[in-house]
Colleague: 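To start, I am sharing the structure in question, which I have written as structure tokens.
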Amino acid sequence: KWKGEGTTRNLESIVIGRCYDYIRTVNPAVGEKNCSQIWEAFKNAFINKDPCRILPEDYELFINLTFHTIPPNKSLFWENNQLLVNSFADRGRRYMSLGDTLFGFIGDFLNWCGQADSPGLDYESCPTTMECENNAVESFWRMASITYAQHSSGVVHVLLNGSAHGGAYPQPGFFADYEIPNLQKDKISQIAIWVVDDIEGPDIDSCGTHTVKTLETRLETLGYDVTCTDNHK
């Protein structure tokens, strides 16, 4: 039916399990959260609905239930280097990327969608963003990205891939379209851009050139203090 892969098997167990894993071992500092309630809010955002008509605001209750503060100077935005970000952030010990927040941790690497005429999950296929933008996963990450950006403060870091085809700063992209517009300027002292090339990879983009220059100009025009470092040691 759709071109995308279907819902991840055992989704309910994974979501509830990740929730407990997070509040018990990954980041107990966030305090108690009702993991069963969080699953219900997550599921109700998209269940029994046309899988192409899910909006970011459908996840509002889920975000409210999972929300916790993001420590100042710990935000790490990124494009095209998720695995590097995961290892570098070290599950929130060094930085707290979106995937290190409770709401991001729950959704990371999962897939899901429902069906308009059924209370069940669709395990066969889910729409890709090419097929429809307002799908369950895309809208989830938009809402998560917006929330994450709104609550980032202090020195904010951005890790970009200088070997990415099409440039380190993709447009359209989550950082360009959902995160930059939702940064709260009065809470941010500096935006530090790090451009890193793949090991043995091509050096396509770097500070002051191509798409990174576009990004630097955009942020400076918005009034931010911007620094950029190439291949940070």
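Residue indices begin at 1 and follow the sequence shown.
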Colleague: Is there a path of hydrophobic side-chain contacts, each under 4.5 Å between heavy atoms of I/L/V/M/F/W/Y residues, joining V155 to V226?
Modeller: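 V226 does not cluster with V155.
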
Colleague: Got a second to check how far L183's CG is from S153's OG, nearest 0.5 Å?
Modeller: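 Here the rounded value is 11.0 Å.
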
Colleague: Salt bridge (charged side-chain N to carboxylate O under 4.0 Å, His left out), that's the test. Do D58 and R53 meet it? Break it down for me.
Modeller: CA-CA 10 Å; D58 292 337; R53 292 201 177 164; over 6 Å; no

Colleague: Between atom CD of E216 and atom SG of C228, what is the distance when rounded to the nearest 0.5 Å?
Modeller: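 Between E216 CD and C228 SG, I get 4.5 Å after rounding to 0.5 Å.
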
Colleague: Is there side-chain contact between I191 and V158, with at least one heavy-atom pair below 4.5 Å?
Modeller: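 In short, these two side chains touch, coming nearer than 4.5 Å.
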
Colleague: Step through the shown structure and confirm whether more than 12 heavy atoms of other residues, nucleotides or ligands are within 6.0 Å of CD on E124.
Modeller: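 Not buried by this count: 12 neighbours or fewer within 6.0 Å.
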
Colleague: Would you check if the distance from the ring center of H68 to the ring center of Y22 is below 6.0 Å?
Modeller: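 Between H68 and Y22, the centre distance is under 6.0 Å.
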
Colleague: Which distance, rounded to the nearest 0.5 Å, do you find between the CG of N135 and the SG of C113?
Modeller: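 SG of C113 is found 8.5 Å from CG of N135.
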
Colleague: Same cluster or not: are I63 and V30 linked, directly or through other Ile, Leu, Val, Met, Phe, Trp or Tyr residues, by side-chain heavy atoms under 4.5 angstrom apart?
Modeller: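 Yes; V30 is reachable from I63 via cluster members.
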
Colleague: Working to the nearest 0.5 angstrom, can you tell me the gap between D90 CG and M96 CE?
Modeller: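 It is 12.0 Å, given to the nearest 0.5 Å.
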
Colleague: Can you find a pair of side-chain heavy atoms, one from S139 and one from Y59, that are under 4.5 Å apart?
Modeller: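 With C-beta onward as the side chain, the pair touches.
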
Colleague: Looking only at the side chains, is there a donor atom on one of N48 and Q115 sitting less than 3.5 Å from an acceptor on the other?
Modeller: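 On atom types as modelled, these side chains do not qualify, holding no pair under 3.5 Å.
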
Colleague: According to a 4.5 Å side-chain heavy-atom criterion applied to Ile, Leu, Val, Met, Phe, Trp and Tyr, with indirect links allowed, do Y178 and L222 form part of one hydrophobic cluster?
Modeller: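 Y178 clusters together with L222.
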
Colleague: Does L102 reach the side chain of K33, with side-chain heavy atoms less than 4.5 Å apart?
Modeller: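 Contact flag for L102/K33 side chains = yes.
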
Colleague: Decide yes or no for I23 and P28: does some side-chain heavy atom of the first lie under 4.5 Å from some side-chain heavy atom of the second?
Modeller: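 Counting from C-beta outward, I23 and P28 never come under 4.5 Å.
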
Colleague: Show your reasoning for whether salt bridge (charged side-chain N to carboxylate O under 4.0 Å, His left out) applies to K43 and E40.
Modeller: CA-CA 5 Å; K43 181 183 73 174; E40 290 299 323; 3.4 Å; yes

Colleague: Quick check against the 3.5 Å criterion: does K49 have a side-chain atom that pairs as donor or acceptor with the backbone of A45?
Modeller: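 It does hold such a pair.
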
Colleague: So, applying ring pair (Phe, Tyr, Trp, His ring centres under 6.0 Å) with F140, which one of F46, F174, F62 is it?
Modeller: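 Checked F46, F174, F62 against F140; only one passes ring pair (Phe, Tyr, Trp, His ring centres under 6.0 Å): F62.
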
Colleague: So, for P127 and C132, which heavy atoms are closest and what is the spacing to 0.1 Å?
Modeller: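 In this case the closest contact between P127 and C132 is CB-SG, 3.5 Å.
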
Colleague: State the CG-CG distance between L215 and L160, to the nearest 0.5 angstrom.
Modeller: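 Nearest 0.5 Å value for the CG-CG distance: 6.5 Å.
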
Colleague: Keeping the roles fixed (side chain from T211, backbone from T214), state whether a donor-acceptor pair exists under 3.5 Å.
Modeller: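 Such a contact is absent between T211 side chain and T214 backbone.
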
Colleague: Is V137 linked to L110 within one hydrophobic cluster, defined over Ile, Leu, Val, Met, Phe, Trp and Tyr using a side-chain heavy-atom separation of less than 4.5 Å?
Modeller: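 In one cluster: yes.
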
Colleague: Once the angle between the rings of W194 and H232 is folded into 0 to 90°, is it parallel (under 30°), tilted (30 to 60°) or perpendicular (over 60°)?
Modeller: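 Correct class here is perpendicular.
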
Colleague: Donor-acceptor pair, N161 side chain versus A168 backbone, under 3.5 Å?
Modeller: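 Flag not set: sc N161 to bb A168 has no pair under 3.5 Å.
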
Colleague: Any donor and acceptor pair, going by atom type alone, linking the side chain of S152 with main-chain N or O of Y148 inside 3.5 Å?
Modeller: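 Yes, the answer is positive, given that a donor and an acceptor are paired below the 3.5 Å cut-off.
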
Colleague: Take D50 and N134 through the side chain to side chain contact (heavy atoms under 4.5 Å, CB included) test and state the conclusion after the steps.
Modeller: CA-CA 10 Å; D50 178 335; N134 292 332; over 6 Å; no

Colleague: Is the ring pair F175/F77 parallel, tilted or perpendicular, if the boundaries are 30 and 60 degrees?
Modeller: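 Ring orientation, 0 to 90° scale: tilted.
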
Colleague: May I ask you to check whether T128 and E131 show a side-chain donor-acceptor distance below 3.5 Å?
Modeller: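 A donor-acceptor contact under 3.5 Å links the two side chains.
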
Colleague: Any side-chain to backbone donor/acceptor pair from T7 onto D122? Under 3.5 Å, distance only.
Modeller: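 Looks like yes, one N/O pair under 3.5 Å.
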
Colleague: Taking D108's backbone N and O only, do any of them form a donor-acceptor pair with R18's side chain (distance below 3.5 Å, no angle check)?
Modeller: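 Side chain of R18 to backbone of D108, a donor-acceptor pair under 3.5 Å: yes, one is there.
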
Colleague: Start with the C-alpha gap between Q190 and T227, add the side-chain angles, then the distance that decides, and say whether side chain to side chain contact (heavy atoms under 4.5 Å, CB included) holds.
Modeller: CA-CA 8 Å; Q190 188 180 66; T227 65; 3.3 Å; yes

Colleague: Quick one: closest heavy-atom pair of R218 and A176, and the distance?
Modeller: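 What the structure gives for the nearest pair is NH1-O, 2.9 Å.
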
Colleague: Any side-chain heavy atom of D225 within less than 4.5 Å of one from L219?
Modeller: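 When only atoms from C-beta onward are counted, L219 and D225 do not touch, as no gap falls below 4.5 Å.
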
Colleague: Nearest heavy-atom pair of K74 and G92: which atoms, and what distance?
Modeller: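 Shortest heavy-atom separation between K74 and G92 comes out as NZ-O, 4.3 Å.
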
Colleague: So does C207 get a backbone contact from the side chain of D230, meaning a donor-acceptor N/O pair under 3.5 Å?
Modeller: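 Pair found, side chain donor or acceptor close to backbone of C207.
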
Colleague: Examine the side chains of N111 and T8 and answer whether a donor and an acceptor come within less than 3.5 Å of each other.
Modeller: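 T8 and N111 do not have a side-chain donor-acceptor pair below 3.5 Å.
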
Colleague: Which atom pair, heavy atoms only, marks the closest approach of G208 to V212?
Modeller: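 Reported closest heavy-atom pair: N-CG1, 4.3 Å.
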
Colleague: Shortest non-hydrogen contact from Q150 to K187?
Modeller: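 Reported closest heavy-atom pair: O-NZ, 2.8 Å.
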
Colleague: Could you check whether any side-chain N or O of D205 sits under 3.5 Å from a backbone N or O of Y169, counting only pairs where one atom can act as donor and the other as acceptor?
Modeller: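 Absent.
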
Colleague: Heavy atoms, side chains only, cut-off 4.5 Å: are L98 and S145 in contact?
Modeller: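 Yes, their side chains come closer than 4.5 Å.
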
Colleague: Could you walk me through whether Y95 and L159 satisfy the side chain to side chain contact (heavy atoms under 4.5 Å, CB included) test, starting with their C-alpha distance in whole Å, then the side-chain angles of each, then the deciding distance to 0.1 Å, before giving a yes or no?
Modeller: CA-CA 11 Å; Y95 290 97; L159 188 57; over 6 Å; no

Colleague: For atom CD of Q171, decide whether the heavy atoms of other residues, nucleotides or ligands shown that lie under 6.0 angstrom number more than 12.
Modeller: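 Atom CD in Q171 is crowded, with more than 12 foreign heavy atoms closer than 6.0 Å.
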
Colleague: Between N10 and S13, do the side chains contain an N or O donor and an N or O acceptor separated by less than 3.5 Å?
Modeller: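 S13 and N10 do not have a side-chain donor-acceptor pair below 3.5 Å.
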
Colleague: Closest approach of G154 and N73, non-hydrogen atoms and distance?
Modeller: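 In this case the closest contact between G154 and N73 is CA-OD1, 3.3 Å.
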
Colleague: Give a yes or no on whether the backbone of E179 and the side-chain of N182 come within a donor-acceptor separation of less than 3.5 Å.
Modeller: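 No, N182 side chain to E179 backbone: no donor-acceptor pair under 3.5 Å.
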
Colleague: Report yes if the side chains of F42 and L11 come closer than 4.5 Å at any heavy-atom pair, otherwise no.
Modeller: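 Yes, close enough: below the 4.5 Å cut-off.
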
Colleague: State the CG-OG1 distance between N34 and T66, to the nearest 0.5 angstrom.
Modeller: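 Rounded to the nearest 0.5 Å, the CG-OG1 separation comes out at 12.0 Å.
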
Colleague: Does the side chain of L65 reach to within under 4.5 Å of the side chain of F67, using non-hydrogen atoms?
Modeller: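 A side-chain contact under 4.5 Å is absent here.
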
Colleague: Look at R142 together with E133 and state whether they make a salt bridge at an N to O cut-off of under 4.0 Å.
Modeller: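 Yes, charged N to carboxylate O under 4.0 Å.
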
Colleague: Evaluate the criterion side chain to side chain contact (heavy atoms under 4.5 Å, CB included) for residue pair H165 and I204; output intermediate values, then yes/no.
Modeller: CA-CA 7 Å; H165 294 289; I204 294 174; 3.8 Å; yes

Colleague: State yes or no: do I146 and L55 share one hydrophobic cluster built from I, L, V, M, F, W and Y residues joined by side-chain heavy-atom distances below 4.5 Å, directly or via other members?
Modeller: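 No, separate clusters.
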
Colleague: Would you say S163's side chain and D198's backbone share a donor-acceptor pair under 3.5 angstrom?
Modeller: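 Side chain of S163 to backbone of D198: a pair is present.
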
